Amino acid sequence: MNLHEYQAKRLFAEHGIPIPPGEVASTPEEARQIARDMGGRAVVKAQVLTGGRGKAGGVKVAQTPEEAETYAKAILGMQIKGLTVNKVLVDALAPGIRQELYLAVLIDRGKRLPMVMASAAGGMDIEEVADKTPEKIHTVHIDPTLGVRSYQTIYLAKSMGLPRELWNDFHEIVAGLYACFKSNDASLTEINPLIITVDDHLMALDGKMSIDDNALSRRPRLAEMRDFDEEPEAEAEAREAGITFIQLDGNIGCMVNGAGLAMATMDIIKLYGGEPANFLDIGGGARADQVATALRLILSDPKVEAVLFNIFGGITRGDEVARGILSALEQIDTSVPMVVRLAGTNAQEGLALLAEADMMTAATLSEAAQKAVAAAEASRGVETAS
Amino acid sequence: MNLHEYQAKRLFAEHGIPIPPGEVASTPEEARQIARDMGGRAVVKAQVLTGGRGKAGGVKVAQTPEEAETYAKAILGMQIKGLTVNKVLVDALAPGIRQELYLAVLIDRGKRLPMVMASAAGGMDIEEVADKTPEKIHTVHIDPTLGVRSYQTIYLAKSMGLPRELWNDFHEIVAGLYACFKSNDASLTEINPLIITVDDHLMALDGKMSIDDNALSRRPRLAEMRDFDEEPEAEAEAREAGITFIQLDGNIGCMVNGAGLAMATMDIIKLYGGEPANFLDIGGGARADQVATALRLILSDPKVEAVLFNIFGGITRGDEVARGILSALEQIDTSVPMVVRLAGTNAQEGLALLAEADMMTAATLSEAAQKAVAAAEASRGVETAS
Amino acid sequence: MSILVDKNTRLLVQGITGREGTFHTNQMIAFGTNVVGGVVPGKGGQSFEGERGKLPIFDTVRAAAEATGANASIIFVPAKFAPEAMYEAADAGLPLVVCLTEHIPVLEMISVRAYLDQRQTRLIGPNCPGLITPGEAKVGIIPSSIVTPGTVGLVSRSGTLTYEVVFALTQRGIGQSTCVGIGGDPIKGMDFIDVLRLFEADPNTSEVIMIGEIGGNAEEQAARYIADHMTKRVTSFIAGLTAPPGRRMGHAGAIVEGKSGTAEGKIAALEAAGVQVAKNPDHIVEMIA
Amino acid sequence: MSILVDKNTRLLVQGITGREGTFHTNQMIAFGTNVVGGVVPGKGGQSFEGERGKLPIFDTVRAAAEATGANASIIFVPAKFAPEAMYEAADAGLPLVVCLTEHIPVLEMISVRAYLDQRQTRLIGPNCPGLITPGEAKVGIIPSSIVTPGTVGLVSRSGTLTYEVVFALTQRGIGQSTCVGIGGDPIKGMDFIDVLRLFEADPNTSEVIMIGEIGGNAEEQAARYIADHMTKRVTSFIAGLTAPPGRRMGHAGAIVEGKSGTAEGKIAALEAAGVQVAKNPDHIVEMIA
C-alpha cells in the first residue's frame, strides 16, 4: 500500500525529520486559507498515488493566497495517469535550495536486509541516476539488531560530499527515516529531494512511503490511511472478497487459482495471440460466491471478449468449482464466451457438469488459451457484423 | 562485583518480580521498628557478600519485634567467612511455602549466550543439585535479539512440573529476571528459593546478583552500590591505583606484570615449595608510584616472608621498573628479602641497577622462585632463632 | 533417495489442532508420512484424534522433539504466531522446518531468517505448499494424487503452477524424486540455489525442473549457479512475461521493480546458463521426455 | 608461510591518532608490517605523521578499505567505542580484525560476536596482545625483540606469559611461525581450536605451543580437538593451579566457578589428549627442543 506524500511526510516528521510546514486541502478555498496562514507563498501539490505529478501540471508555486486558490482549483479534479486528484498539499515555500539530495530506505532482498540508498543527485528519477551514473548512488545495509550506526552515515555523507557541519543532522535524518521504515513496516521510505537550504539546513521536500500489505493487520493506524478513492473500485471489491485482482488492458479475462498459475495463464493467452484483461487469483477455496464476484468483476470490463477459467484442483475440488461457475452464471446475464479448463482433483466430474451446461471445456492450458483467443475473435467478428 | 541480597531484590522488584516487603537495618532498634511496621513476624537476615549465612547463624525468624531486635543484635557485627555483618535485611515473613524452586540467569561461555537455569529443587546449593541430580536442572538459552520467548518459559515450567495456572506468572518472572540481568550488565541474577506460597503465588525469597566489572563505568548507579566495607581494604586501595590485587594465605609475596604471568608465578612459587601470599598484576605501565603502592600492599601482610618481582619487559622497560622498585624501597622500610627477575626490554640495564642496590636478582622465573623460597625459609629461620 | 524428506522423516505438526493443521495432518499420514506428534502450547498431554489413530500433543517443540525424536516440523499457525513457531522449531534444533503460513511481514522474516542462519535449521517457506517425495513422505499440501515416484527433481516459487507441471509429468509417466515449493515471499528460507545444490548431489535425481516467476533475482542467481556447478540438466519456466511493472502479482515477492525482476531478464540469464526455458509450462514435459 | 598475518597483510589502524595507536603504529611499521592507513571519524583527509613517513587517515573503515585495499585492521580505541569499531570493520568486510581494547562488557561482546559470526571476519581479541609472524608482520603489541622466525606456532590466552615463553624459545634459537595472543576475555573472537586448526593446516608450522589458564572450558575443547584432528605435536602450560576458586584472576575470563574451569581439569584433559603439559613455563623449551 502506498501513502500520499502528505501522509509520508507527517510520519517522517514524527521521527524528527524536518519538513516544510503544510496542510492538506480538499477545496480551493481551503488551499487559499492555508497559504494565507503560512504567509502567502506556497507550493500546491496534487496528492495522487503515482509519479510524474510535476510533468502533468500537478505541482505549482503560488506567490499569493489567491494564486494558491487558483492553482488548487486547476489541480483538484485533474486526472493524472488515470487517477483523480482529490486533495492538494499546500506547503510553505522552502528557503532557497543550495542542493538536492536523494535518500531512501528499502529492502535488499538478496542480502535480506534493509538498505539505505543515498545520492547527491537528488530531485530526479533515481532509477535513471542508477542506470546512467551508478557511481553516484551510495548504499549501506542496516542490521536490524544494530540499527543505523554513525560510521554508516559518515560513509554516506562523505561519499555524497556533504559538508562536515551537516554530518550530525544527516545522521539524525537517516536514523529517523530508518526508524520510520521499521516502526511502520514499510517496504520503502524515500525523500526526494532532501534539500540543503541556502542557510545550510537539511529538509525533506517530498516524501514517498510504501507499506508492507502483510503488516497492515498489525498497523491499524496505517490501514486507516488507505485512500479508497485512489484504488480502482473493482480491485477494492476483489480485495474485500479475498480475491487478488488487477485490471489490465487486454481482451481475455481470466480466473485462476494461485498467483503463479494466474501469471502463467496470462502469459499463455498472450502466447496464443490474445491479451490478458486482468490478473485474478481466486485463492485456495474458490467458493461459489467468490467465483461469482470474480466473474462479475471480469465482466464489468467492456473490453473483455472471452473469459478463461483455469483451476487446478488440489485441495480445491473440480466439481465444486464447476458448481460455483454454474451458480455464478445463473446470477449474471452475459453473452461473453467462456472456456473452462479444470485439472487435478475431481476435474472429470467438474468438466462433465460444465459440458452439460453447454460450456466450452479444455483438457490443457494451451488448449484452453487457444479456444479462448478463438472465441474472442469470433465474438469480435459477431460484434463487428452486427 | 557482587550485590547484597537486599540490593538484588530491589532491582528484581523494579522488573516486576514479587519479593516480600522488607527494609534494611544497621542497628537492632531499626530492626525492631521495621518488624513492628510489618506486623511483628519477620526474618532477620545478615547482609554479607558470601554464602552460608544460614549455617553461620546469620538468618533468624522472629515472632515479635522484640525478637527481631534480639536477633539483629546477635547478627550485626558477626563475622561470616571473615566478613563483618554491618547490615541486616528485615523481611516480612512469607506466607506458607508450598515448594521451593531455583531460577537464575547467567552467561554460557561456550554458547556465548545468556542462559536461564531453573530447577524444582530450590532452596539448596545448586552446584550440588547439578552434581548429583543433573536431570533436575533445566536450561534455555536466550538470544539477545529475541529476549525470553514464551515457548522457553513453557518448556521450563513444564519440565519443573509447575502447575498450568502459574505458567504466566512464571514467564513474567523469567522475563523480568532476564531484563534485570541485561539492563544491569549482570553476570548472574539468581533467585534461590523462588517459592510457591500456600496461596499459589510465586515469590522471590532470596536474591543474588553479580555485576560485570567492565560495565560499571556505564552503570554508575550500580557502581555506587559497591559496599566498600565488604571489600578487603588492601584490594580496594589496589583497585584505585589501577593494580589488581588479591590477598591469599601464603608466605611469598609477588608482583608481576600481566595476569597470566602472575598466575604462572604463583604456580611456580608453589612448585618450588613456597605458598603465594597474593595475586598481583601491576599492569602494563608499572609506574614507580604503582610499584611503590603494590609493594606496600604486599608488605602490609605480616605472613609475607619474601617478595618476588617478576617483570617481563615488553612495552615496559626493565630499567624503568628497576628504578620504580628502588624508589619504592626508599619510601618503605623493610627487612623482608626480595628477589627480582627482569626479562625482555632493557632487562640487563635494570638488573644492573638492582644489583648495585644489593638486591637478589635472577635470570629465569624458576631461579627467582627458588631464591625467593630459600630466602623465606632463611628469614623464618632468623625469626625463629631470634 | 530423494532430498530433504523421505521415509526417515519424523514430523511434528505445529498447530495440529487448527482446521488446516488437522485436515493436512490426516492427508500427510494417509500419504505415508511418519507424523510423530503435534505441538500446541497449553494442550500438552492431550491427543490428536487422527483418522488413522492418535498422536501425542506437546506444549513445546523441544519437549516434543525430546520425546519423539522428531527431525522436522511443519507450521500451520496464523501469521501473527508463525515467526514464534519458526524461532521455536529452530531453537529446538530441528534440521528441517516447513512454514506454510502466508502474510508474514517482510521485516519479521528478515529477523527469522537471520536467526535461522546462525543455526543448523533449514526452512522451506513461508507461504509455500511444502514438499513431497513420492512414495516416501509429504510435508505440506501438494496434492498426493498428482505425484508419482521417479527421478525428476522439481523446485518452484509457485503453488498451483507447480501442481500443473507435476501433474503433467505424472500423466506422461515421468516420476519425480522430490518436488519442493519454496514459496513466493521475498524473504524466505531455502531458495533455488539451495535446492538445486541438493538435487545435484542426490543420486536419485537425474534432472531438474525449476519454475520461477517475476520479482527479485533468485532466478538470475540460480542461473549463475547452474552454469558454474550443475552437471544435471535443468529445464525451466518463468511466469509473468505479461505482468505489468510496479504491480504485485499476488505473491508478495512477485513484482517487477523498475528494470529488475522481469521475466525477460530471468529467461535470458537462464538461457545464457544453458537452461532450456519453456514458453509454455505445458511444453516442459515434451522438452524433458 | 604462517597463519593470519604475513607480508601480504595490508593493515588499517582504527584509532591511529591516540597515544597507544600512534606508538604501536610506529612499532609495527618498524617491524616491517605494511600499515596502509588509519581510521579516525572526522579526521578523514588528514595524515598520520609516522616516524617512517606519512599515512592517510580516513573517516570510515569502508572508505579506507576501498582506497587502500586493506585486508586487516587493528583496534586501539577505548572500551566505550571498541564494539562500534569492531562492527564497522566487520561491516566493511575486512577478513581479519584485531582488538586490543580491554574492559569491554561481556554482554557487548556477545552481540559483537553474534554479528561477526554472520560475516566472514575473523576477530582476535579483545583484550589481547595481538599476533606476530616473525620476519613478516606484527599486528599488535608483542615486543618485536623477543621473536625470531621459525616453525613453532604459539597460541595463548595471556600476554606477558606468552612473551616469557616466546623469549625463551628465541634465546634457545627456536624460531616461531606465528604467535597469537587470543586474549583473556570470556567472550572473544578466535579461540584455541580456531587457531589450532590453522596451525595444523600451515605447512610452515611444525609443532604448536598452547598456553592456557583457568576459567571457561576452551582448553578442554581444544584437548578434544587435538585428540581428534591434530597430527602436529602440541605442548602446553596452564596457569592458575594455585588460584583460589571464585576470585577473578585479573582477566575477566580467569575465574574458577564451582568445579569448572580449574587448572587440574584442563591439564588432565590435555594429557588425556596426548599433550605434554609443562608444570613450569620455563620447561616448555626443553620439552620441545
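Sequence lines set the chain letters: A, B, ... in the order given, protein chains first and strands last, and positions in each chain run from 1. Quantities reported herein were computed from a predicted structural model and do not represent experimental measurements.
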Next on the checklist: I'd like to know which of K182(B), R341(B), K270(B), E275(B) tops the heavy-atom pair count under 4.5 Å against chain D.
Outcome noted: R341(B)

Next on the checklist: I74(D) and side-chain contact (heavy atoms from CB on, under 4.5 Å): which single residue from V97(D), V139(D), T33(D) fits?
Outcome noted: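 The passing option is V139(D).
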
Next on the checklist: Using a 3.5 Å distance criterion without hydrogens, assess whether the side chain of D282(D) forms a donor-acceptor pair with backbone atoms of S366(B).
Outcome noted: yes

Checklist entry - Parallel, tilted or perpendicular for Y87(D) and Y115(D), by the 30°/60° rule? => result perpendicular

Heavy-atom distance under 4.5 Å to chain B: side chain of [X], backbone, both or neither?
{"X": "S158(D)", "value": "side chain"}
{"X": "R157(D)", "value": "side chain"}
{"X": "L241(D)", "value": "both"}
{"X": "E213(D)", "value": "side chain"}
{"X": "D117(D)", "value": "side chain"}
{"X": "I238(D)", "value": "backbone"}

Please flag which part of [X] lies under 4.5 Å from any non-hydrogen atom of chain D: side chain, backbone, both or neither.
{"X": "D131(B)", "answer": "side chain"}
{"X": "L248(B)", "answer": "side chain"}
{"X": "R219(B)", "answer": "neither"}
{"X": "D212(B)", "answer": "side chain"}
{"X": "D143(B)", "answer": "neither"}
{"X": "E128(B)", "answer": "neither"}

Checklist entry - Taking atom types as modelled and ignoring hydrogens, do the side chains of S210(B) and E190(B) form a donor-acceptor contact shorter than 3.5 angstrom? => result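 There is no such pair (donor and acceptor under 3.5 Å, judged by atom type) between the side chains of S210(B) and E190(B).
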
Checklist entry - Using a distance-only test with no angle check, is there a side-chain donor-acceptor pair under 3.5 angstrom linking S183(B) and H15(B)? => result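 Side-chain D/A pair, S183(B) to H15(B): present.
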
Checklist entry - Around atom CZ of F81(D), are there more than 12 heavy atoms of other residues, nucleotides or ligands at under 6.0 Å? => result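 No - once you tally the heavy atoms of other residues, nucleotides and ligands closer than 6.0 Å, there are 12 at most.
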
First locate atom [atom1] of [X], then atom [atom2] of [Y], and finally report the distance between them rounded to the nearest 0.5 Å.
{"X": "F167(D)", "Y": "L169(D)", "atom1": "CZ", "atom2": "CG", "answer": "11.0 Å"}
{"X": "E286(D)", "Y": "T235(D)", "atom1": "CD", "atom2": "OG1", "answer": "12.0 Å"}
{"X": "N214(B)", "Y": "E102(D)", "atom1": "CG", "atom2": "CD", "answer": "8.0 Å"}

Next on the checklist: I need the residue from E108(D), H283(D), K80(D) with the largest number of non-hydrogen atom pairs under 4.5 Å to chain B.
Outcome noted: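 Going by pairs under 4.5 Å, I would pick E108(D).
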
